[in-house]
Undergrad: 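Mind looking over this structure? Questions follow.
Heavy-atom basis, side chains included; hydrogens, waters and symmetry copies ignored.
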Amino acid sequence: MRNVIKLTAVALATGALTLGLAACGSDKDSASDTSGPLVVGASTVPHAEILTYIKDNLAEKAGLDLDVREFTEYATLNPATEDGSVDANYFQNQPYLDEFNQKNGTDIVPVVTVHLEPLGLYSKKLKSADELKSGATIAVPNDTVNEARALKLLDANGIITLKAGVGNAATPKDIAENPKNIEFKELEAAQTPRSLDDVDAAVINGNYALEADLSPAKDALVSESPKDNPYGNFLAVKKADEGDPRVAKLAKLLTSAEVRKFIEDKYDGSVIPSF
């Protein structure tokens with residue numbers, strides 16, 4: 001039976017977002033109690049859906065008590081993991097985690113990579129990227145990693161040219177050539193699908209595209225290639241919890257043949273298994 005709890009940024013404001021307060025708790029620096037259910041925080045689509053499939057179909061046989069908690073704002077998931085509100089999370093890629101750990105002095109680590117959600121450029125006004133006119137506006141995610149990822153997508157498709165050597169912190173200031181004088185509207189990633197009525201196009205994360213009934217495989221004007229892509233999404237925990245046997249059970253289930261089939265059947269190329 002489905003048992004998913006939706007958590008918003010507001011609900012988490014007094015706990016998951018307050019790393020400073022979390023550090024004051026003497027029990028937060030130790031490994032989690034492994035006797036209860038494994039509490040995993042996840043973005044809505046596809047992460048929580050994949051976990052819920054495991055909970056409903058695979059977990060009991062594997063001896064895993066899995067508690068799936070659905071977060072509507074992914075920026076709250078690492079803080080929730082750090083302060084112990086959840087035991088693990090499933091939503092992010094390596095560049096995003098690297099930036100979070102560096103900025104916050106945390107030690108959250110990946111356990112197993114599960115899937116890739118290709119980033120795509122979408123539009124309600126255009127049928128191809130070639131139709132972008134001079135002065136067009138493109139919405140991009142405003143968090144550091146996803147904004148750089150969006151700009152790299154546009155660079156790879158000849159819409160802009162980034163300066164040589166820019167990494168995962170690229171912003172519009174790092175654009176070397178912008179032949180169509182594209183203007184950029186920087187928004188929270190979750191807001192980019194809603195901007196499609198107001199902009200010429202938007203670069204949208206795969207999970208938010210799916211939530212908005214957009215298919216990265218069918219609707220994107222251009223999308224990321226899965227080849228050698230560093231943005232696979234993984235299960236993550238605090239380093240102290242790497243040895244948790246419940247985490248090992250979940251990691252095995254997340255990379256099982258059953259989950260591969262579920263991803264391939266349900267998402268039809270919009271989410272791609274990475275194992």
Side-chain angles (χ1 to χ4, degrees), residues 1-7 11-12 15-16 22 25-72 74 76-94 96-97 100-101 106-117 206-207 210 232-267 271-275:
M1 185 174 179
R2 184 180 175 107
N3 180 25
V4 177
I5 302 174
K6 289 192 177 183
L7 300 177
L12 291 164
S26 60
D27 61 336
K28 298 303 181 184
D29 295 326
S30 60
S32 300
D33 177 7
T34 63
S35 61
L38 181 68
V39 181
V40 184
S43 296
T44 306
V45 179
H47 310 80
E49 291 180 342
I50 294 169
L51 290 170
T52 299
Y53 168 78
I54 290 173
K55 177 180 175 65
D56 292 346
N57 297 278
L58 306 175
E60 183 176 0
K61 184 177 180 180
L64 175 65
D65 186 358
L66 182 60
D67 182 354
V68 182
R69 303 202 178 179
E70 187 173 325
F71 284 54
T72 58
Y74 67 70
T76 62
L77 275 157
N78 277 331
T81 305
E82 179 65 20
D83 76 9
S85 298
V86 299
D87 299 310
N89 68 56
Y90 174 32
F91 80 100
Q92 67 191 314
N93 55 53
Q94 192 66 57
Y96 184 93
L97 178 59
F100 180 86
N101 280 334
T106 49
D107 200 8
I108 296 172
V109 295
V111 177
V112 65
T113 302
V114 182
H115 76 268
L116 172 71
E117 302 161 25
N207 58 320
L210 290 169
N233 284 199
F234 47 67
L235 179 70
V237 298
K238 287 194 292 186
K239 188 169 182 60
D241 294 330
E242 280 186 294
D244 188 329
R246 302 169 303 169
V247 172
K249 288 179 181 179
L250 179 57
K252 185 175 181 179
L253 293 176
L254 278 167
T255 54
S256 65
E258 293 91 341
V259 168
R260 172 182 287 277
K261 186 175 187 306
F262 173 78
I263 292 173
E264 292 174 341
D265 290 350
K266 183 172 180 63
Y267 301 111
V271 178
I272 303 169
S274 297
F275 56 92

Undergrad: Would you say that more than 12 heavy atoms from the other residues, nucleotides or ligands in this model lie under 6.0 Å from the CD of E264, or not?
TA: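 Result for CD/E264: enclosed.
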Undergrad: State, with a plain yes or no, whether a side-chain heavy atom of T81 is found less than 4.5 Å away from one of D241.
TA: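 No, their side chains stay 4.5 Å or more apart.
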Undergrad: Is the shortest heavy-atom distance from the side chain of N101 to the side chain of I108 under 4.5 Å?
TA: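 N101 reaches I108 side chain to side chain.
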Undergrad: Any heavy-atom pair between the side chains of V109 and V237 that's under 4.5 Å?
TA: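 Of all side-chain heavy-atom pairs linking V109 with V237, at least one is under 4.5 Å.
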Undergrad: Looking at V271 and P46, what are the two nearest heavy atoms and their distance?
TA: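 Shortest heavy-atom contact: CG2-CG, 3.8 Å.
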Undergrad: Which residues pass the side-chain contact (heavy atoms from CB on, under 4.5 Å) test with D65, not counting sequence neighbours?
TA: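 Per chain and number, D65 pairs via side-chain contact (heavy atoms from CB on, under 4.5 Å) with P37.
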Undergrad: Considering only residues two or more places apart or on different chains, which pairs with a residue in residues 39-68 satisfy ring-ring contact (aromatic ring centres under 6.0 Å, His included)?
TA: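 For residues 39-68, and leaving out neighbouring residues, the ring-ring contact (aromatic ring centres under 6.0 Å, His included) pairs sorted by first residue read H47-Y90, H47-H115, Y53-F262.
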Undergrad: Would you call V111 and E242 a side-chain contact if the rule is heavy atoms closer than 4.5 Å?
TA: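 The answer is no; the side chains never approach within 4.5 Å.
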Undergrad: Indicate, with yes or no, if the rings of Y96 and Y74 have centres closer together than 6.0 Å.
TA: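 Between Y96 and Y74, the centre distance is under 6.0 Å.
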Undergrad: Got V86 and V39 here, is their nearest side-chain heavy-atom distance under 4.5 Å?
TA: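 A side-chain contact exists here, since the closest heavy-atom pair is under 4.5 Å.
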Undergrad: Is the closest side-chain heavy-atom distance between L250 and L66 below 4.5 Å?
TA: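 Yes, side chains in contact.
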Undergrad: Hey, are N78 and Q92 close enough side-chain-wise for a donor-acceptor pair under 3.5 Å?
TA: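 N78 and Q92 do have a side-chain donor-acceptor pair below 3.5 Å.
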Undergrad: Sequence neighbours excluded, which residues qualify as side-chain contact (heavy atoms from CB on, under 4.5 Å) partners of D265?
TA: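 With sequence neighbours excluded, D265 shows a side-chain contact (heavy atoms from CB on, under 4.5 Å) to K261, given in chain and number order.
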